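First the proteins, then the strands, lettered A, B, ... as listed; each starts at 1. What you see is a predicted model; the values in this text were computed from it and never measured.
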Amino acid sequence: MVEPRAMLDVKLIRERPDFVKAELAKVQAPASLVDDVLDADRARREALRSLEDKRAERTRRSKEIGALPPGERKSAGASLKSLAEAIEAGEAEAAVAESRFEEAMLLVPNLPHEGVPVGSDDSENRVVRVVGEQKSFDFEPKPHWEIGPALGAIDFERGVKISGSRFYVLMGEGARLQRAVISFMLDLHVREHGYVEVYPPAMVKRECLVGTGNLPKFGDALYRDAEEDFWWVPTAEVPVTNLYRDEILEPGRLPIRHVAYSPCFRREKMSAGRDVRGIKRGHQFDKVELVKFVEPSQSDAELDSLLAAAEKVCERLGLAWRVVQMCTGDLSFTAAIKYDVEVWAPGCKEWLEVSSCSNFRDFQARRANIRYRPAAGAKPELVHTLNGSGLALPRVVIALLETYQQADGSVQLPPALVPFFGGDGRLSAA
RNA sequence: GGAGAGAUGGCCGAGUGGUCGAAGGCGCACGCCUGCUAAGCGUGUAUACGGGUAACACCGUAUCGAGGGUUCGAAUCCCUCUCUCUCCGCCA
């Protein structure tokens, strides 16, 4: 039997379609999504019911035949031939109805959390707070695409030569800086925030991407193998969230908090021509990701602490940052509520998004079938999942290079990084 | 990559065409007994979807790695695939 996968509870759509439509309007999604689901649901249930009636009949009569003496079975069975054929036809019909229903369900986005301000697009997002000092310079600060090559830390030309546009090579102290930042962030989250470290596969099967909500709708953002069902992950959120796919977590397991370092791969088709300068947006980048699995009653509080963990990285690195809350119109397909963390890059003079902290509530859990048992013997319920970067790498490197650049062209790293980078924490031209 | 073996419920493990959602054991839950740190006895112990209920109860269907086939009927027969294990080869 096909397992219906839904982002929303079908029952909610069935019983309160007008409410769902109104909520979808807030996230700029059309009401027709609900009607499509309703139509498909009706057709599917009708098909299923008629099929099950036939199967019940067959089971009953087959048992009668089984009770007969062997010699009489064959002739008795002959009369059931047409019923068997009807069942076969009914199965095909039900399968079609089922997949139509599933397709419709998978295209419905998550509903917004009650606390999210209603707005139509990113212009209505709210800056929640601005923290830290936007460093001032007694010289004109340079953008990282000048600092990096001057230090021999970033090689754009060779990146393009070997892999094409949106690729770059980190060299020498640039590569070491990135490695230091990764180690620093992993250590911080593991040792101080209690996350359990995970090193996940960077290639996954398609069903993982359905689970997290990247498929079926956003396949054009992803790379995949041409011959096999391998997809490069766009974020560690995908493999880590799917760690517990199709599992029932026993009492006491929650909350689960994971931190994972992984490379990430994105086609960036939608942003063609944008952010092509520097290392802000590449087809491949590294990221340290935080992922949580929690009981529903805890997910609001867990989002707060997730956000705090991401902000702690900025604080320790001495960067200026701000937190922006997405309005309903700018929520992602999967998030019920979302905050972005942006760091200030004084060279290119931009706020760079380094983390999106989201509570998906049971949206991903339903798609990925991740449940927990509230108590021994109790019925399984869907967990809530959350995630956010802690943080995304190249942009942190940008902010570090630009914030800590010196008049002589060198870069003096903040104290928190020195033990990881080594030496006196200084990058300078060879 | 080559050869072989295997995949059954939380776990172990029976079951080769009919009354098997599946014996038995373990584990677990509840109750009883006992009374001393353990044992005994009893009962229960999957999930999903659909129907049903105020909510339970209850009814139907599906699920014995996955998909397909044979049959009135499949855990059981046939085909394909996936995964696991062992040995060989190769390799970071």
Side-chain angles (χ1 to χ4, degrees), chain A residues 1-16 37-106 199-208 210-211 225 227-231 239 242-254 262-263 362 365-383:
Chain A
M1 190 89 296
V2 183
E3 194 169 277
R5 288 213 159 153
M7 65 175 34
L8 295 182
D9 192 337
V10 206
K11 287 173 192 149
L12 181 65
I13 296 178
R14 222 181 260 154
E15 289 161 19
R16 302 180 61 196
V37 167
L38 254 19
D39 288 345
D41 183 45
R42 225 175 335 244
R44 153 180 164 270
R45 288 203 283 175
E46 243 166 65
L48 219 49
R49 180 168 197 165
S50 131
L51 171 63
E52 287 182 357
D53 285 348
K54 292 192 186 89
R55 287 211 270 227
E57 162 104 10
R58 178 185 65 185
T59 302
R60 192 173 55 75
R61 296 183 55 188
S62 286
K63 281 183 182 173
E64 289 172 8
I65 292 173
L68 258 34
E72 295 175 30
R73 287 179 185 170
K74 187 158 187 183
S75 55
S79 68
L80 280 182
K81 183 74 178 167
S82 64
L83 180 59
E85 282 162 5
I87 287 171
E88 202 169 332
E91 281 170 345
E93 197 183 319
V96 170
E98 190 73 51
S99 67
R100 284 216 184 106
F101 169 72
E102 193 168 326
E103 281 164 29
M105 284 298 282
L106 287 173
Y199 176 78
M203 299 173 83
V204 296
K205 297 190 268 191
R206 116 176 262 118
E207 56 211 89
C208 291
V210 174
D225 183 86
E227 292 176 5
E228 299 187 64
D229 185 29
F230 279 135
W231 300 66
N242 279 280
L243 244 26
Y244 304 103
R245 177 155 50 82
D246 293 324
E247 290 192 29
I248 298 172
L249 302 163
E250 292 307 320
R253 284 297 308 282
L254 300 181
S262 86
D362 62 11
R366 184 172 283 111
R367 293 170 79 106
N369 192 29
I370 306 169
R371 293 169 297 169
Y372 75 105
R373 215 180 286 283
K379 273 191 87 87
E381 291 178 25
L382 295 166
V383 303

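Separating the NZ atom of A:Lys11 from the C1' atom of B:G50 is a distance of 10 Å, rounded to the nearest angstrom. At whole-Å resolution of the value, CD in A:Glu381 and P in B:A48 are 11 Å apart. Atom CD in A:Glu72 sits roughly 18 Å away from atom P in B:G18 (whole-Å rounding). Following rounding to the nearest Å, A:Leu51 (CG) and B:G50 (P) show an atom-to-atom distance of 14 Å. Atom-to-atom, NZ of A:Lys63 to C1' of B:G60 comes out at 12 Å; the value is rounded to the nearest Å. The separation between A:Glu207 atom CD and B:G67 atom C1' is 14 Å, rounded to whole Å. Look at CD1 on A:Ile87: it is 14 Å from C1' on B:A74, rounded to the nearest Å. A:Arg44 has its CZ atom 16 Å from the P atom of B:A62, to the nearest Å.
Annotation for A:Ala47 and A:Ala94: closest pair CB-CA, 4.0 Å, computed over non-hydrogen atoms. The two atoms that bring A:Ser262 and A:Pro200 nearest to each other are CB-CG, 4.4 Å, heavy atoms only. The minimum heavy-atom distance between A:Tyr244 and A:Ile370, with the atom names listed, is O-CG1, 3.5 Å.
Using modelled atom types, one finds no donor on one side chain facing an acceptor on the other under 3.5 Å when comparing A:Lys63 with A:Thr59.
Annotation: side-chain contact (heavy atoms from CB on, under 4.5 Å) contacts of A:Arg16 (sequence neighbours excluded): A:Leu12, A:Phe19. When the side-chain contact (heavy atoms from CB on, under 4.5 Å) test is applied to A:Glu57, the partners found at least two apart in sequence or on another chain are A:Arg60, A:Arg61, A:Leu83.
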Give every pair of a protein N or O atom and an N or O atom of nucleotides 51-53 of chain B that lie under 3.5 Å apart, one pair per line with the distance.
from	atom 1	to	atom 2	distance (Å)
B:G51	OP1	A:Arg45	NH1	2.6
B:G51	OP2	A:Arg45	NH1	3.4

Measure all distances between protein nitrogen or oxygen atoms and nitrogen or oxygen atoms of nucleotides 71-73 of chain B, and list the pairs falling under 3.5 Å.
from	atom 1	to	atom 2	distance (Å)
B:C72	OP2	A:Lys81	NZ	2.9
B:C72	O4'	A:Gly77	O	2.8
B:G73	O4'	A:Ser62	OG	3.3

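Closest-nucleotide positions on RNA chain B for A:Thr59 and A:Arg373 were compared, and the one nearer the 5' end corresponds to A:Arg373. Nearest-nucleotide mapping onto RNA chain B: of A:Lys379 and A:Gly66, the residue sitting toward the 5' end is A:Gly66.
Rounded to whole Å, the C1' atom of B:G67 lies 39 Å from the corresponding atom of B:C56. When the C1' atom is compared between B:U8 and B:U76, the two are found 11 Å apart, to the nearest whole Å. For the P atoms, the distance linking B:G21 with B:C32 amounts to 35 Å, nearest Å. Remark: the separation of the P atoms in B:C81 and B:G1 is 13 Å, to the nearest Å. To the nearest whole angstrom, the two P atoms, one in B:G42 and one in B:G51, are 41 Å apart. Using P as the reference atom, B:U82 and B:G27 are 39 Å apart when rounded to the nearest Å. The C1' atoms of B:G35 and B:C41 are separated by 16 Å, rounded to the nearest whole Å. Comparing the C1' positions of B:U63 and B:U86 gives a spacing of 31 Å, expressed to the nearest Å.
Looking at heavy-atom distances under 4.0 Å, A:Arg371 makes contact with sugar-phosphate atoms alone, never a base.
Looking at A:Leu51 and A:Glu93, their side chains never come closer than 4.5 Å, going by heavy atoms from C-beta outward. Looking only at side-chain heavy atoms (C-beta outward), A:Met105 and A:Ile13 come within less than 4.5 Å of each other. Within the 4.5 Å cutoff, the side chain of A:Tyr372 has heavy atoms near those of the A:Glu381 side chain. Side-chain contact between A:Arg44 and A:Glu102 is absent, with no heavy-atom pair separated by less than 4.5 Å.
At most 12 heavy atoms of other shown residues, nucleotides or ligands fall within 6.0 angstrom of atom CZ in A:Arg100. Atom CD of A:Glu250 is surrounded by more than 12 heavy atoms from other residues, nucleotides or ligands within 6.0 Å.
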Each base of RNA chain B marked ( ) or [ ] if paired in-strand (Watson-Crick or G-U under 3.5 Å), | if paired to another strand and . if unpaired gives ((((((((.[[[..)..(.....]]]((((((.......))))))((((((......)))))).[[[[[..)....]]]]])))))))....
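For A:Glu52 against B:G60, a side-chain N or O and a base N or O form a donor-acceptor pair under 3.5 Å.
Comparing B:A48, B:C49, B:G60 by their closest approach to the side chain of A:Ala56 singles out B:G60.
Identified under the salt bridge (Lys or Arg N to Asp or Glu O under 4.0 Å) test for residues 67-82 of chain A, with sequence neighbours left out: none.
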